[in-house]
2 protein chains.
Amino acid sequence: MTKTDPEALQLRHKPRTARELARLMGVSQSAVSRAFTPGSSISPELRQRILRAAEELDYQPNAIASMLSTRRSNIAGIVVSEMQNPFYPSLIEKLSRGLQRVGLQSLMFNITRGSNIEEQLLALRKYNVDAVVIISATVLSGASLRWATEGRAAVLVNRTIPDLSLTSVSCNNIEGARAIADHFYAIGRQRVAYVAGLPHTSTNLERQNAFVTRVAELGMRLSHCIAGGEYSYEAGYRSALEIARGEATDAVFFANDILAAGGMDALTEAAGLRVPEDIAVAGFDDVELTRWPHYSLTTFSQPVDAMVDKAVELILGQLANPELAPSHNPLSGELIVRRSTIGGNTERLPLEPANT
Amino acid sequence: MTKTDPEALQLRHKPRTARELARLMGVSQSAVSRAFTPGSSISPELRQRILRAAEELDYQPNAIASMLSTRRSNIAGIVVSEMQNPFYPSLIEKLSRGLQRVGLQSLMFNITRGSNIEEQLLALRKYNVDAVVIISATVLSGASLRWATEGRAAVLVNRTIPDLSLTSVSCNNIEGARAIADHFYAIGRQRVAYVAGLPHTSTNLERQNAFVTRVAELGMRLSHCIAGGEYSYEAGYRSALEIARGEATDAVFFANDILAAGGMDALTEAAGLRVPEDIAVAGFDDVELTRWPHYSLTTFSQPVDAMVDKAVELILGQLANPELAPSHNPLSGELIVRRSTIGGNTERLPLEPANT
DNA sequence: CGCTTGTTTGCATCCGTATGCAAAGATATG
DNA sequence: CATATCTTTGCATACGGATGCAAACAAGCG
């Protein structure tokens, strides 16, 4: 037994590989590897000795080499676009933390109009990510999605693919849109409008269909159904002006909060209407600005934490069993009623605490 | 010469390694490797033949293996926090695109109160990132920064370390704060206030010092200098209320736009003041909401594109020459004057186009 | 034509870790 | 105490691509 004196170790240069550390300690490289591999066959004593020496000498296993050996990268690719919508940064942050908790580092892939999508998806495969989380509502066709995710765990978050070929997690948009319609009805509105976001996205389609359907069921009149075209303040602003100029309307459901913010400003400041007295406004997502006193926006809160947990769970499931059948997983959200639909004391201007 | 019939290739199973592809084509594995390595010694004909076959057969070099071989990961770690400030998502997006343009994939490391910072920094080293970009204004001490970036290219963006031990790129906060002070002076304000963001951050300190100094130089009175405590809407809101209750003030410089937004809402809606007639408001960053008609906020625009370009350039420089001395690189921004300081036609409510 | 110089190509080996297998050691059983 | 069983350790090799070196080949020159 070559029990090496710790003092002596200090003197030599830092070991950069398991082999070097092993030589210094008089053990085999396998032992070092096993010390760092939970559940591998090694005695607790030796493991402790190695780990302590490793810490002492500032040695860390080379993740790249270990990826090559195990053919597991422990990396999850997060495919993102529309970072300008504040809903996403917080989702991504939570997601990346959730993935980290189960040992997956997040590699971000920004898909934008400017970037070369093909190349991005190629990178996804080149880097051998074990899992892919797709948050981008847009841009990617089902076919390229399937290609990009072929042979690895994959989850769509906040979007779905109708044919159920890929697992998805989302807020229950249908429930949400119905809740908004019900709320409009409950506060006595009769002529309601919908302002759409990005066309052809599942979020938008689900919200629109559910809302329109529910509005009809409740016997309210759908005065406008406007294609905002994108989820932006400007689109909301423009759409609201259109509504203000057109058929009388006493409540508007914007497909998300950013649209609603733009819409509200247009209605109050450009069109001179009072919210909610003349016209009620609701959004979707419950991003931070909905809590700002100026907006105090009624909205449907996406269960972000639950969505993240579910997404991580689904990924772990797929990693454990690659044959797992895809599933859609809509999660319940919550209607948050604020002054933009029910009015209230504007004097006190309660400043709601953040809930991050 | 074993010129293989393309048709025949089709029949076999897809090659997953260079060796397999090589065998299929009757060339050596080295040849395949060289075909994918720009500047390596291989005839144009053979390279073409191999690349075409690779495309045909959907073969791609394994990035992990190549990292191990070359000890270059072609990955840049981006250390981030405060994603809730909309300034950062857009910066990150541009940065990640800029890095991609030079062949670096971005690996995101979220540093937040909740997450285990040590572990994150460890991961930075484990994954052998070639370069580190640190955007997080907070949390990290100079010592841990140096440890995390030891032996690799590193750039701080939007923060600096006084001792010049790490290269940094930032907006020229001093120029910006002076410009705001000059502007307040130019529009005839005399009693001005400063609302700070995160204490101890270089952004905040530079802006505060420069502003306070310039205010004195111009003979204006600094009526308040409030510690907002963080860069948030709430902090701005609270600070503004304090100002409204305290010594008379006719202009406020908030350390960033989010603070300013909260402050403006507090001043107009809670304190009943008119902006800019009673009190002018300015922010810093030029995030999207400054263009919203409701805010139309005078601000100092950070040269994000230039900062990204510079950061990428500095990283390339360090990669080419690891001995490169660290440098600070403040870049000039631009004062953007809007209604929050000069007033103007509120009727037309011009909706400025986005400039992304 | 013989020799030099330059270009292509393949061979062999290395990058740093993981792991199947067998040897060695420890513990239990009869 | 000998043998069977289980645990711990080391050896050897694989993961997939990069690259120094030498062989093979082509071109240039006197």
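Worth knowing before you read on, the calculation uses all heavy atoms, side chains too, and leaves out hydrogens, waters and symmetry mates. Residue numbering restarts at 1 for every chain, and letters A, B, ... go by the order of the sequence lines.
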Spacing between [X] atom [atom1] and [N] atom [atom2], to the nearest angstrom:
{"X": "A:Met67", "N": "C:dC15", "atom1": "CE", "atom2": "C1'", "result": "14 Å"}
{"X": "B:Glu45", "N": "C:dT9", "atom1": "CD", "atom2": "C1'", "result": "13 Å"}
{"X": "A:Met25", "N": "D:dG10", "atom1": "CE", "atom2": "C1'", "result": "15 Å"}
{"X": "A:Ile42", "N": "C:dT17", "atom1": "CD1", "atom2": "P", "result": "15 Å"}
{"X": "A:Asn74", "N": "C:dT17", "atom1": "CG", "atom2": "P", "result": "15 Å"}
{"X": "A:Arg34", "N": "C:dG16", "atom1": "CZ", "atom2": "C1'", "result": "16 Å"}

Atom pairs, protein N/O to nucleotides 15-17 of chain D N/O, distance under 3.5 Å:
from, atom 1, to, atom 2, distance (Å)
D:dG16, N2, B:Ala65, O, 3.4
D:dG16, N2, B:Ser69, OG, 3.4
D:dG17, OP1, B:Tyr59, OH, 2.6
D:dG17, OP1, B:Asn62, N, 3.1
D:dG17, OP2, B:Ala18, N, 2.4
D:dG17, N2, B:Ser69, OG, 2.7
D:dG17, N3, B:Ser69, OG, 2.9

### Query
Do you see a donor-acceptor pair shorter than 3.5 Å between the side chains of B:Ser165 and B:Arg146?
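Per modelled atom types, B:Ser165 and B:Arg146 side chains form a pair under 3.5 Å.
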### Task
Would you please say whether a donor-acceptor pair under 3.5 Å links the side chains of A:Ser41 and A:Arg34?
no
### Task
Please assess A:Glu93 against A:Arg97 for the test salt bridge (charged side-chain N to carboxylate O under 4.0 Å, His left out), listing each intermediate value before the final yes or no.
CA-CA 6 Å; A:Glu93 186 173 327; A:Arg97 215 178 310 166; 3.1 Å; yes
### Task
Among A:Arg72, A:Arg71, A:Arg125, find the residue that satisfies the salt bridge (Lys or Arg N to Asp or Glu O under 4.0 Å) test when tested with A:Asp130.
A:Arg72
### Task
Over all heavy atoms of both residues, which pair between B:Ser168 and B:Thr160 is shortest? Give the atoms and the distance, please.
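Nearest heavy atoms, B:Ser168 then B:Thr160: OG-CG2, 3.2 Å.
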### Query
Would you say D:dT9 has OP1 or OP2 under 4.0 Å from some side-chain N or O of A:Ser43?
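True: A:Ser43 side-chain N/O within range (under 4.0 Å) of D:dT9 OP1/OP2.
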### Main-chain N/O of A:Ile161 paired with A:His328 side-chain donor or acceptor, under 3.5 Å
yes
#### Entry: Base of D:dC11 paired with side chain of A:Ser28 (donor-acceptor, under 3.5 Å)
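Under the 3.5 Å cut-off, the side chain and the base do not form any donor-acceptor pair.
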### Query
Quick one: the side chain of B:Ser30 and the base of D:dT19, do they pair up donor-acceptor inside 3.5 Å?
yes
### Query
Looking for any heavy atom pair under 4.0 Å, which part of the strands does A:Val32 touch: base, sugar-phosphate only, or nothing?
nothing
